[in-house]
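In what follows, a single structure is set out as structure tokens and then discussed.
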Amino acid sequence: MTQRMNYYEIAPDDMKIMTEMEKYTKKSSIERKLRELIKIRASQINGCAYCINMHTADAKKMGETEQRLYCISAWRECTFYSDAEKVALELTEHITLIPEKRVPDELYERVRKHFDEKAYVDLVILINQINSWNRISIAMGNVAE
């Protein structure tokens, strides 16, 4: 991987915290393929090619279809995402673009129709985690290879 510096060596304690959070998200109540779709969508919005590349490859290994991966940026117009996936992707967009979109009560209520309180927290943590990774990756000059 091309990057500006080896930030894992320079700030191991910082990166350990990020890695521990990542481990938590993998144990969360959110299904594996949906976690990857969320990571891809947030990374698309943030323009993090490194993370898009990583998470599309991971999703394919998990059996995600190319059709669903290719169309994720246009999920609203697709019939092959479930209602739960669609509302999770909408929440991803709102949290990723929180200065403009916020998370209105109406969206929260729609999310809660598909996800219980714990899953809602897990979604919010997961979305925040990938947004943090995107920002670290972009700031550190990580390049998709």
Side-chain angles (χ1 to χ4, degrees), residues 1-4 7-8 11 13-145:
M1 164 180 47
T2 304
Q3 60 189 52
R4 291 182 175 138
Y7 49 95
Y8 279 86
D13 292 339
D14 300 357
M15 297 316 298
K16 182 179 179 188
I17 292 167
M18 288 296 295
T19 302
E20 289 300 315
M21 281 295 294
E22 190 65 25
K23 287 178 187 175
Y24 170 79
T25 66
K26 289 180 179 174
K27 295 178 189 174
S28 77
S29 62
I30 308 306
E31 189 266 328
R32 288 175 37 189
K33 286 183 184 179
L34 178 55
R35 286 196 314 258
E36 293 306 315
L37 293 176
I38 287 167
K39 290 176 180 185
I40 294 163
R41 185 65 191 122
S43 299
Q44 288 173 333
I45 293 167
N46 290 322
C48 185
Y50 179 81
C51 292
I52 294 167
N53 185 55
M54 176 193 316
H55 295 295
T56 54
D58 289 348
K60 282 183 77 170
K61 287 177 192 170
M62 292 176 189
E64 189 56 82
T65 67
E66 289 186 13
Q67 179 188 39
R68 285 168 45 94
L69 292 174
Y70 294 153
C71 292
I72 194 165
S73 64
W75 59 265
R76 283 176 178 82
E77 291 83 32
C78 301
T79 59
F80 42 81
Y81 298 105
S82 71
D83 289 342
E85 290 170 329
K86 286 183 173 186
V87 78
L89 291 169
E90 185 175 356
L91 182 65
T92 300
E93 292 177 356
H94 278 256
I95 292 174
T96 301
L97 299 169
I98 207 157
E100 297 102 40
K101 291 189 170 256
R102 316 294 295 166
V103 179
D105 290 340
E106 179 272 329
L107 174 57
Y108 169 76
E109 294 301 329
R110 285 190 294 115
V111 173
R112 287 300 314 284
K113 287 180 183 175
H114 299 278
F115 299 94
D116 64 18
E117 287 181 339
K118 175 67 167 81
Y120 181 80
V121 172
D122 287 345
L123 282 169
V124 171
I125 296 300
L126 173 65
I127 296 163
N128 277 280
Q129 181 70 3
I130 188 56
N131 274 281
S132 292
W133 280 123
N134 289 165
R135 284 153 175 76
I136 290 168
S137 182
I138 292 168
M140 295 301 177
N142 294 352
V143 176
E145 297 178 342

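Residue numbers run from 1 in the order of the sequence given. Just so we're clear, the structure is a prediction, and the values are computed from it rather than from any experiment.
Residues forming a ring pair (Phe, Tyr, Trp, His ring centres under 6.0 Å) with Tyr7 (at least two apart in sequence, or on another chain): none. Residues satisfying the salt bridge (Lys or Arg N to Asp or Glu O under 4.0 Å) test with Lys23, not counting sequence neighbours, are Glu20. With sequence neighbours excluded, the residues forming a salt bridge (Lys or Arg N to Asp or Glu O under 4.0 Å) with Lys60 are Glu66, listed by chain and number. Remark: Tyr108 engages Tyr120 in a ring pair (Phe, Tyr, Trp, His ring centres under 6.0 Å) (not counting sequence neighbours).
Arg35 places no side-chain N or O within 3.5 Å of a backbone atom of Leu126 that could act as its donor or acceptor partner. Remark: the backbone N or O of Thr2 is paired with a side-chain donor or acceptor of Glu145 at under 3.5 angstrom. Using a distance-only test at 3.5 Å, with no hydrogens or angles considered, no donor-acceptor pair links the side chain of Arg135 to the main chain of Asn46. Counting only distance, with no hydrogens or angles, the side chain of Lys86 and the backbone of Cys78 share a donor-acceptor pair below 3.5 Å. No donor-acceptor distance shorter than 3.5 angstrom exists from the side chain of Asn53 to the backbone of Ala49, with no hydrogens or angles considered.
Using a 4.5 Å heavy-atom threshold, the side chains of Lys39 and Gln129 count as separate. No side-chain heavy atom of Arg32 sits less than 4.5 Å from a side-chain heavy atom of Lys26.
Partner of Phe115 under the side chain to side chain contact (heavy atoms under 4.5 Å, CB included) criterion, out of Val87, Val121, Asp122: Val87 alone.
Note on residues 94-105: pairs passing side-chain hydrogen bond (donor to acceptor under 3.5 Å, both in side chains), not counting sequence neighbours, are Thr96-Asn131. Listed by first and then second residue, the salt bridge (charged side-chain N to carboxylate O under 4.0 Å, His left out) pairs involving residues 41-52 are Arg41-Glu93 (not counting sequence neighbours).
For the pair Ala119 and Ile30, the tightest heavy-atom approach, listed with the atom from each and the gap, is O-CD1, 3.6 Å. Of all heavy-atom pairs between Trp133 and Thr19, the closest is CZ2-N, 4.3 Å. Closest of all the heavy-atom pairs between Tyr81 and Leu69 is OH-N, 4.4 Å. Across Phe80 and Arg68, no two heavy atoms sit closer than the pair O-NH1, 2.6 Å. Residues Ala59 and Glu36 share a closest heavy-atom pair of CB-CB, 3.9 Å. Smallest separation of non-hydrogen atoms from Val111 and Leu123: CG1-CD1, 4.0 Å.
Atom CD1 of Ile40 is separated from atom CD1 of Ile130 by 9.5 Å, given to the nearest 0.5 angstrom. Rounded to the nearest 0.5 angstrom, Glu31 CD and Ser82 OG are separated by 9.0 Å. Between the CE atom in Met18 and the OH atom in Tyr8 there is a gap of 7.5 Å [rounded to 0.5 Å]. Rounding to the nearest 0.5 angstrom, the gap separating the CG atom in Leu91 from the CZ atom in Arg110 is 9.5 Å. With rounding to the nearest 0.5 Å, the separation of OG1 in Thr25 from CG in Asn128 is 11.5 Å. The distance from the OG atom of Ser132 to the CD1 atom of Ile17 is 11.5 Å, given to the nearest 0.5 Å.
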Evaluate side-chain contact (heavy atoms from CB on, under 4.5 Å) for Glu85 paired with His114, printing each intermediate quantity in order.
CA-CA 9 Å; Glu85 290 170 329; His114 299 278; over 6 Å; no
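Residue Lys113 qualifies as open at atom NZ: its count of foreign heavy atoms under 6.0 Å is 12 or below.
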